[in-house]
Amino acid sequence: SPSPSPSPKNSSQAGGSFNKLGFSDIRLKENVELIGKSPSNINIYKFNYKDNPMTYQGAMAHEVPWASVKHSNGYMMIDYNQIDVDFKKI
């Protein structure tokens with residue numbers, strides 16, 4: 001019998017995000033709403049980026065300075081490998 005083809009979900013994730021840096025500067029976000037806390041007590045927010053209607057969840061860079069880096073454009077980014085919050089579209 002033919003082998004099953006990979007599901008669309010698996011194939012879309014195959015590329016993965018090797019680099020887990022995400023733009024997390026509050027100046028880039030709007031409709032920010034606290035939705036919970038991670039096991040290590042980091043605030044988890046839902047928000048959208050300005051001029052983008054899609055809703056995401058993640059942390060705020062200014063609240064996790066040990067995991068944040070400043071991009072050359074001046075905006076803060078979070079290295080999500082260093083915190084127990086997932087950045088994802090919701």
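For reference, positions follow the sequence shown, starting with 1. Heavy-atom basis, side chains included; hydrogens, waters and symmetry copies ignored.
Remark: the Ser38 side chain and the Asp84 side chain contain an N/O donor-acceptor pair separated by less than 3.5 Å. Remark: the Tyr49 side chain and the Asp51 side chain contain no N/O donor-acceptor pair separated by less than 3.5 Å. Residues Gln57 and Asp86 bring no donor and acceptor atom of their side chains to less than 3.5 Å of each other.
In this structure, the side chain of Lys29 does not engage the main chain of Lys46 through any donor-acceptor pair within 3.5 Å.
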Check the pair Tyr80, Lys88 against side-chain contact (heavy atoms from CB on, under 4.5 Å), reporting the backbone distance first and the verdict last. CA-CA 11 Å; Tyr80 276 91; Lys88 62 185 179 183; over 6 Å; no
Assess the residue pair Val32 and Met60 against the criterion (side-chain contact (heavy atoms from CB on, under 4.5 Å)); give the C-alpha distance rounded to whole Å, side-chain angles, the decisive distance to 0.1 Å, and a yes or no. CA-CA 10 Å; Val32 176; Met60 295 293 163; 3.4 Å; yes
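When all heavy atoms of Met76 and Ser68 are compared, the closest pair comes out as CE-CB, 3.6 Å. In this structure, Leu34 and Ile44 approach most closely via the heavy-atom pair CD1-O, 3.4 Å. Residue Ala59 comes nearest to Ile42 through the heavy atom pair CB-CG2, 4.1 Å, listed as atom of the first residue, atom of the second, then distance. Here the shortest heavy-atom pairing between Arg27 and Gly74 reads NH2-O, 3.1 Å.
The side-chain tip of Lys89 does not point at the ring of Tyr56 from less than 6.0 angstrom away and within 45° of straight on.
Contact check for Ile78 versus Ile83: side-chain heavy atoms found under the 4.5 Å cut-off.
By the criterion of side-chain heavy atoms lying less than 4.5 angstrom apart, applied directly or through intervening Ile, Leu, Val, Met, Phe, Trp or Tyr residues, Leu28 is not grouped with Ile90; the two fall into different hydrophobic clusters.
Crowding of Lys37 atom NZ: a count of heavy atoms from other residues, nucleotides or ligands under 6.0 Å exceeding 12.
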